[in-house]
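Note that the coordinates shown come from a computational prediction; the quantities given were computed from them, not determined experimentally. Quick note: residue numbers are just sequence positions, from 1. When reading the values below, keep in mind they use all heavy atoms of this one structure, side chains included, and skip hydrogens, waters and symmetry mates.
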Amino acid sequence: MELGLVGLGKMGGNMRERIRRAGHTVIGYDRNPDVADVHSLEELVGKLKGPRVVWVMVPAGAATQSTVDELAALLEPGDVVVDGGNSRWTDDEKHAVELGIKGIGFVDCGVSGGVWGLENGYALMYGGDVENIAKVQPVFDALKPEGDFGSVHAGKVGAGHFSKMVHNGIEYAMMQAYAEGWELLEKVDSVTDVREVFRSWQEGTVIRSWLLDLAVNALDEDEHLEKLKGFAQDSGEGRWTVEAAIDHSVPLPAITASLFARFASRQDDSPQMKMIAALRNQFGGHAVEKA
């Protein structure tokens with residue numbers, strides 16, 4: 001099938017390549033002309049045959065809103081817009097209504113996989129009507145990991161991004177637990193090789209995970225994380241998860257504490273946040289601050 005892809009950064013660029021490897025045609029637009037296939041959204045839409053599918057991978061908020069607004073003026077009834085960025089689920093509901101007035105379908109898709117997704121595949125959580133999902137399904141199949149899992153129609157519009165938001169909240173708490181354990185091991189005199197303790201946990205333990213593997217990768221590159229500053233940004237989903245928990249009276253003590261720990265990292269050079277920063281850089285290519 002043909003796909004228009006808007007936003008060719010760290011995620012979008014690799015997604016374009018993975019979709020092409022599966023035999024589909026991807027026409028990509030980005031403000032950076034060095035990576036773009038076309039030079040405007042209008043040119044992108046003009047090169048696609050109807051019914052068109054245009055996937056948006058730009059930052060949440062104003063950038064996504066302006067892109068959706070422009071596509072609404074260019075697309076036709078029966079076309080579909082997919083928001084694959086990290087938008088808030090409430091924005092999805094608004095976009096679906098705005099596009100629906102013009103007969104244009106809307107699908108929200110939470111995407112996880114970071115810089116490793118090109119080779120390993122992307123975990124996908126999407127929301128929307130069945131008929132709109134069907135128009136995008138070949139692309140979902142191309143992006144997902146091999147095997148039976150890694151892709152889910154989570155529910156109606158907003159369900160995809162809500163699921164990805166909760167996924168990221170859990171991710172916050174898991175990273176925080178590894179970071180706290182690492183700091184405690186580093187503090188005691190009796191443990192002389194913390195990196196190898198972490199490595200030993202990669203097999204046979206109940207806490208083995210891909211995040212643990214990435215922690216070992218980070219320690220192999222910088223055994224005591226001395227090159228990093230203990231500062232970790234939060235990308236928004238952690239806050240939204242806690243806000244949603246308050247709205248629905250659901251207790252989330254671990255996720256909430258992990259979010260607050262990131263706030264604390266901005267006040268002092270936190271050893272725990274060195275591990276959080278290292279993990280975020282490993283799985284998502286997120287920027288780190290040098291010590």
Side-chain angles (χ1 to χ4, degrees), residues 1-111 113 117-118 122 124 126-143 157-158 160-161 164 236:
M1 67 171 285
E2 291 184 340
L3 177 74
L5 182 57
V6 182
L8 303 170
K10 286 181 292 189
M11 289 279 282
N14 282 345
M15 289 168 63
R16 174 175 61 176
E17 177 61 23
R18 185 172 175 88
I19 297 166
R20 284 177 173 172
R21 289 181 184 179
H24 302 293
T25 298
V26 183
I27 301 171
Y29 168 68
D30 193 276
R31 289 184 300 176
N32 179 1
D34 294 336
V35 300
D37 303 313
V38 294
H39 303 295
S40 69
L41 286 180
E42 184 176 9
E43 185 181 355
L44 180 147
V45 170
K47 287 183 176 292
L48 295 171
K49 302 183 186 73
R52 304 171 186 87
V53 176
V54 180
W55 189 303
V56 179
M57 286 295 293
V58 301
T64 295
Q65 184 65 61
S66 64
T67 303
V68 170
D69 289 344
E70 190 171 350
L71 288 172
L74 294 170
L75 296 173
E76 299 174 347
D79 294 342
V80 176
V81 173
V82 182
D83 180 5
N86 282 326
S87 294
R88 190 182 175 102
W89 78 97
T90 49
D91 290 343
D92 297 327
E93 296 165 354
K94 181 175 64 164
H95 293 154
V97 171
E98 293 169 348
L99 292 168
I101 292 171
K102 300 190 174 186
I104 302 167
F106 179 81
V107 173
D108 65 289
C109 183
V111 182
L118 174 59
Y122 299 88
L124 307 172
Y126 37 90
D129 296 339
V130 172
E131 57 268 27
N132 291 326
I133 296 294
K135 294 176 183 177
V136 192
Q137 193 64 54
V139 175
F140 292 148
D141 293 341
L143 288 172
V157 165
H161 280 144
K164 177 57 163 48

**Message:** Quick one, L41 and Y29 - any side-chain contact, counting heavy atoms below 4.5 Å?
**Reply:**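 The answer is yes; the side chains approach within 4.5 Å.
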
**Asked** At what distance, to the nearest 0.5 angstrom, does CG of L71 lie from CD1 of I104?
**Response**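 These two atoms lie 8.0 Å from each other.
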
**Prompt:** Got a second to check how far H24's NE2 is from D141's CG, nearest 0.5 Å?
**Reply:**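 If I round to the nearest 0.5 Å, the distance is 7.5 Å.
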
Please report the shortest heavy-atom distance between [X] and [Y], naming the atom on each side.
X: V35; Y: D30; value: CG2-CB, 3.8 Å
X: F106; Y: H95; value: CE1-CB, 3.8 Å
X: V81; Y: L75; value: CG2-CD1, 3.5 Å
X: L118; Y: N14; value: CD1-O, 3.4 Å
X: D108; Y: G158; value: OD1-N, 2.8 Å
X: A36; Y: L8; value: CA-CD1, 4.0 Å

**Asked** Picking from D92, D69, V6, V58, what satisfies side-chain contact (heavy atoms from CB on, under 4.5 Å) with T64?
**Response**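 For T64, the side-chain contact (heavy atoms from CB on, under 4.5 Å) check succeeds only for V58.
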
**Positive for side-chain contact (heavy atoms from CB on, under 4.5 Å) with V82, one of V107, V54, V139** =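 With V82 as partner, V107, V54, V139 yield a single side-chain contact (heavy atoms from CB on, under 4.5 Å), made by V107.
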
**Request:** Could you go through the salt bridge (charged side-chain N to carboxylate O under 4.0 Å, His left out) check for D37 and R16 one step at a time?
**Result:** CA-CA 11 Å; D37 303 313; R16 174 175 61 176; 3.1 Å; yes

**Prompt:** Between F140 and Y126, how do the two ring planes meet: parallel, tilted or perpendicular, split at 30° and 60°?
**Reply:**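 Taking Y126 first and then F140, their aromatic rings lie parallel (interplane angle under 30°).
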
**Message:** If the threshold is 4.0 Å, N to carboxylate O, is there a salt bridge linking K135 and E131?
**Reply:**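 Judged by the 4.0 Å cut-off on N to carboxylate O distance, K135 and E131 do not form a salt bridge.
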
**Asked** Got a salt bridge between R52 and E76, using NZ or NE/NH1/NH2 to carboxylate O under 4.0 Å?
**Response**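 Counted as a salt bridge, because a side-chain N and a carboxylate O are separated by less than 4.0 Å.
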
**Worked verdict on S87 versus D91 for side chain to side chain donor-acceptor pair (under 3.5 Å)** = CA-CA 7 Å; S87 294; D91 290 343; 5.2 Å; no

For the [atom1] atom on [X], are there more than 12 heavy atoms of other groups (residues, nucleotides or ligands in this structure) within a distance under 6.0 Å?
X: R20; atom1: CZ; answer: yes
X: E42; atom1: CD; answer: no
X: K47; atom1: NZ; answer: no

**Item:** Step-by-step side-chain contact (heavy atoms from CB on, under 4.5 Å) determination, W55 to V26
**Value:** CA-CA 10 Å; W55 189 303; V26 183; over 6 Å; no

